Visitor: 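The structure is given below, and queries will be raised subsequently.
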2 protein chains.
Amino acid sequence: MAVTMNDVARAAGVSLKTVSNVINNYEFIRPATKQRVLEAIDELGYETNLTARSLRSGKTSMLGLVLADLSIPYYAELASDIMKAAWARGYRVLVEQSGNEPEHEKAALQGQFRSLTDGLLFIPLALDAEQIISAAGKKPLVLLGEFVQDPRLDMVLIQNQEAAAAVTTHLLAGGRRRIAVLGAHDGDETGSNGLRLRGYRAALAAAGVEYDPALVVPCDWRRDAGADATARLLDSGVEFDAVFGLNDVLALGALHELLVRGRKVPEEIAVAGFDDIDESRFASPSLTTVAPGRTEIAERAVELLIQRIESKDAALTVQQPKAAFEMRVRQSAP
Amino acid sequence: MAVTMNDVARAAGVSLKTVSNVINNYEFIRPATKQRVLEAIDELGYETNLTARSLRSGKTSMLGLVLADLSIPYYAELASDIMKAAWARGYRVLVEQSGNEPEHEKAALQGQFRSLTDGLLFIPLALDAEQIISAAGKKPLVLLGEFVQDPRLDMVLIQNQEAAAAVTTHLLAGGRRRIAVLGAHDGDETGSNGLRLRGYRAALAAAGVEYDPALVVPCDWRRDAGADATARLLDSGVEFDAVFGLNDVLALGALHELLVRGRKVPEEIAVAGFDDIDESRFASPSLTTVAPGRTEIAERAVELLIQRIESKDAALTVQQPKAAFEMRVRQSAP
DNA sequence: ACGTTGGTATACATCGTTGCAGATGGAGCG
DNA sequence: CGCTCCATCTGCAACGATGTATACCAACGT
C-alpha cells in the first residue's frame with residue numbers, strides 16, 4: 001500500500017539501509033548517492049513510517065500532557081504554550097483530560113497511553129505526591145502547577161505564595177482592608193489554594209491587618225462557583241471592600257456577580273485574580289491579576305522533561321525550577 | 001527492558017500467540033489457560049506495546065486535529081469536546097496548531113505526523129478547498145467549521161447563515177436599526193465571515209431595513225481586534241445602536257471598548273456574538289449570542305471520521321451533516 | 001472402530017524501520 | 001608493490017505485536 005524504504009531503495013538502485021542512512025543524515029554517503037536517493041523519495045512520495053521507527057528505536061518523540069480539561073482557559077493557554085515548546089524541540093504532545101477525577105489521573109499515569117509517549121507532563125489535581133509516586137511508572141515525569149509538592153519529584157514551581165502576597169499587598173496599598181478570598185478553606189495549607197492563602201495571610205500580617213476567616217470563602221475554581229460564592233458573601237452581610245479570586249475565572253465570576261448586583265468595581269469593591277488569562281485583559285473593567293509566568297513554565301517543563309528523556313544518566317538530582325511572576329495592574333483594582 | 005508478550009508466555013507456560021489471543025479476547029481459550037495468562041500479566045506488570053501493535057495492524061487509534069491555536073477559547077472548547085467524543089470510541093487525539101498559517105496547515109495535512117493518525121479532523125482557516133484536496137493524502141479527512149465548503153469533502157456544517165440571521169433578527173426585534181458588524185468585509189461571500197454576513201443581510205432585507213456597508217468593519221477574529229474595530233467605528237462618527245460580532249471574542253472585545261468609552265450596554269448599544277463560549281455567559285453584561293451546537297459538531301465529526309476509517313467501503317458518498325444552532329439571549333441584547 | 005467435527009493452542013511469517021557487523025574498493029604509505 | 005586505512009555501502013537480525021495456517025485432541029456419529 002504505502003511506499004516503503006524498500007521501494008525507494010529499488011528505485012534508487014541502492015540498498016534499503018542506504019536509504020535509511022540518507023534519511024538519518026549518516027555522515028559517509030557520497031553526494032551523488034544521496035541525491036539519487038532523495039530524488040527517488042521525492043518521486044515516489046515516500047514518507048517515513050513513524051510507527052515503525054518508534055518500534056525499532058524505542059522512542060516515540062511524543063510527550064504526554066495530563067490536565068483537567070482544555071475548556072478551562074488557563075489549561076488551554078498552558079497547553080498551547082507547551083505544544084509550541086515541544087514542537088520546537090521535535091516532540092509532539094498527546095493531551096489527556098483527567099476531568100479532575102482521581103481515577104482518570106491514575107489511569108493516565110499508568111495507562112497504556114504511556115507506551116505511546118517518551119515522558120509525561122502532569123498537572124495533578126486529585127492525586128497527592130504519594131499516590132503519584134506509587135502510580136507512576138519508570139518513564140520520566142515532570143509535574144506542573146504545584147498542587148503537589150514533594151522533594152522526590154521533578155516539577156516546575158509557581159511562586160504561589162509570593163505572587164498571592166504581591167496581589168494582596170497591592171490591594172492593601174489601594175487602601176482596602178477587608179479583602180475577601182475566593183477558592184480556599186480557612187485551614188488549607190497545601191496545594192495552590194493553601195499556598196496562595198498563606199501568601200494572602202503573610203501580606204496581611206506584614207501590613208498589620210487582622211486576618212478574618214469569615215472573609216475566606218471555599219468554592220471550586222470555576223466561574224459559576226466564583227459568582228455563587230460572591231452571592232453568598234453578599235447575602236451573608238459580611239463587609240468587604242475587595243475580592244481576591246485565587247484564580248482568574250473565580251475573580252471574573254465574582255466581577256460579574258458584583259456588577260449584576262449593582263456594586264461599583266473598583267470604587268466600592270476592588271477585584272483581583274491570579275493567572276492572567278487572556279480574557280482578563282478584556283473584561284470590563286479589565287482584571288487586575290498576577291501572571292505566574294505561563295510561557296516560562298511551559299518552556300521549563302518541556303525542557304526539563306526532554307532532558308530527562310534524552311539523558312542516559314538517570315541519577316540526575318531532582319530539579320524544581322521556579323517561574324518568575326509579574327503583577328498586572330488593571331482597572332478592577334488600580 | 002520492558003515486559004513483552006514473550007515474557008508473559010514463558011511465565012504462563014503457553015505460547016506467545018496464546019497471550020496475544022487472551023489479550024484480544026479470542027473466543028476459544030480454556031478458562032483455566034486464560035486465567036493463568038491473566039495472572040502472569042498481572043504479576044509481571046505487562047502492558048501492551050501500542051507502537052508494535054500499530055505497526056503490525058496498520059492502525060494507530062489516533063485522530064489528528066488541526067486547528068489554529070488552543071488559546072482561542074472556541075477551539076479549546078471544541079477540542080475538549082472532540083477529545084471526549086474520540087476517547088469514548090477508543091481513539092486518542094493528537095492536536096496540531098497551525099497558527100492560522102497556510103504553510104503550517106499544508107504541513108499538517110501532508111506531514112509525517114499523518115502517519116501517526118488514522119484520520120484527520122481539520123479546521124481550515126488559510127487553505128481553500130482546492131488546496132486542501134490537492135494537499136491531502138489518502139487518509140480519511142473530515143473538515144470542521146466551514147470556512148471551506150465543497151461538495152467533494154466530508155465536513156460537519158455550522159448553519160452560519162441561518163444562525164447569523166437569527167441573531168440579526170433578534171436585534172431587529174429589539175428595535176435596533178443600525179447594526180454594526182465586526183469581522184467581515186463588505187464583499188465577503190465565502191467562509192464563515194461571508195456566510196454570516198449574508199445571514200445578516202438576509203435578516204435586514206426580510207425586515208425591510210436598508211443595508212449600509214459603512215456598518216461592516218473588517219478585522220481579525222480576535223478580542224483586541226474587536227476592541228480596536230469598535231474604537232474605529234466610534235471615532236468615525238458612524239451612528240449605530242447595536243454591534244454584532246461575528247464571533248464571541250469580537251463581541252466581547254467590542255463590549256469592553258464600549259464600556260470603557262462610557263457607552264451603556266444594552267440601553268444605548270446592544271451587543272451580540274456568535275459561538276457561545278463559556279466566557280460569554282459570565283461577561284458583564286452577559287453576552288447574547290448563538291450556540292452553533294459545539295458538542296454536536298464534535299460528536300458528529302468524530303463519528304463521521306471513525307466511520308470513514310473503519311468502513312472498508314471507500315465509495316461512501318460525501319457526508320455533510322448540519323449541526324443545530326440555538327439562540328442564547330442574555331443581558332447585552334435582551 | 002474410524003473418520004469427522006470443532007474447540008484449543010501453536011509456529012511462522014510479517015509490519016517498516018534501525019543497530020550492528022561486516023564487505024568493498026580506492027587512496028595513501030612505506 | 002603490498003598493506004593499511006577509511007569512506008562508503010550492504011545484509012541480517014531485531015523491535016513487539018498480530019494474521020494465517022495448521023497441529024492436536026477429545027467427543028461425536030455412523
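Since this is a predicted model, take the numbers as computed values, not measurements. All chains are named by letter (A, B, ...) in the order of the sequence lines, taking the proteins before the strands, and each is independently numbered beginning at 1.
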Visitor: Run the salt-bridge test on D69(B) and K84(A) with the 4.0 Å N-O cut-off and return the result as yes or no.
Guide: yes
Visitor: Under 4.0 Å, counting only non-hydrogen atoms across every strand here, what does T33(A) touch: a base, just sugar-phosphate, or nothing?
Guide: sugar-phosphate
Visitor: In whole Å, I'd like the distance from the CD1 atom of I29(B) to the P atom of dT10(C).
Guide: 10 Å
Visitor: Within the structure shown, what part of the strands sits under 4.0 Å from L50(A) by heavy-atom distance: base, sugar-phosphate, or nothing?
Guide: nothing
Visitor: Hey, which sits more toward the 5' end of DNA chain C by its nearest nucleotide, R30(B) or T4(A)?
Guide: R30(B)
Visitor: Evaluate salt bridge (Lys or Arg N to Asp or Glu O under 4.0 Å) for R152(A) paired with E130(A), printing each intermediate quantity in order.
Guide: CA-CA 10 Å; R152(A) 292 166 294 178; E130(A) 221 48 67; 3.1 Å; yes
Visitor: Pick base, sugar-phosphate or nothing for L16(A), based on heavy-atom distances below 4.0 Å to the nucleic acid.
Guide: base
Visitor: OP1 or OP2 of dT18(C) less than 4.0 angstrom from a side-chain nitrogen or oxygen of S57(A), does that happen here?
Guide: no
Visitor: So what does N24(B) touch, heavy atoms closer than 4.0 Å: a base, only the sugar-phosphate, or nothing?
Guide: sugar-phosphate
Visitor: For the pair made of CD1 in I41(A) and C1' in dT17(C), what is the distance, rounded to whole Å?
Guide: 13 Å
Visitor: Just the rounded figure in Å: distance from C1' of dC15(D) to CE of M5(B).
Guide: 14 Å
Visitor: Search all heavy atoms of L120(B) against all heavy atoms of R114(B) and return the closest pair with its distance.
Guide: CB-NH2, 3.7 Å
Visitor: What about R56(A): does its side chain form a donor-acceptor pair under 3.5 Å with the base of dT17(C)?
Guide: no
Visitor: Can you see if the side chain of S15(B) gets near the phosphate of dA9(C) - specifically, an N or O under 4.0 Å from OP1 or OP2?
Guide: no
Visitor: By the 4.0 Å heavy-atom rule, please label L55(A) as base, sugar-phosphate, or nothing.
Guide: base
Visitor: If I take atom CD in residue E47(A) and atom P in nucleotide dC15(C), what distance separates them, rounded to the nearest angstrom?
Guide: 19 Å
Visitor: Rounding to a whole Å, what distance do you find between K17(B):NZ and dG16(D):P?
Guide: 18 Å
Visitor: For R10(A) and dG11(D), give me the distance from atom CZ to atom P, rounded to whole Å.
Guide: 13 Å
Visitor: Would you say S15(A) and T18(A) are linked by a side-chain donor-acceptor pair, where the criterion is simply a distance under 3.5 Å?
Guide: yes
Visitor: Given atom OH of Y26(B) and atom P of dG6(C), what is their separation to the nearest angstrom?
Guide: 13 Å
Visitor: Rounded to whole angstrom units, what separation is found between the NZ atom of K34(B) and the P atom of dA9(C)?
Guide: 11 Å
Visitor: To check you understand the geometry: which heavy-atom pair defines the closest contact between P140(B) and R308(B), and what is its length?
Guide: CB-CB, 3.8 Å
Visitor: Between V14(B) and R53(A), which has a closest nucleotide on DNA chain C that is more 5'?
Guide: V14(B)
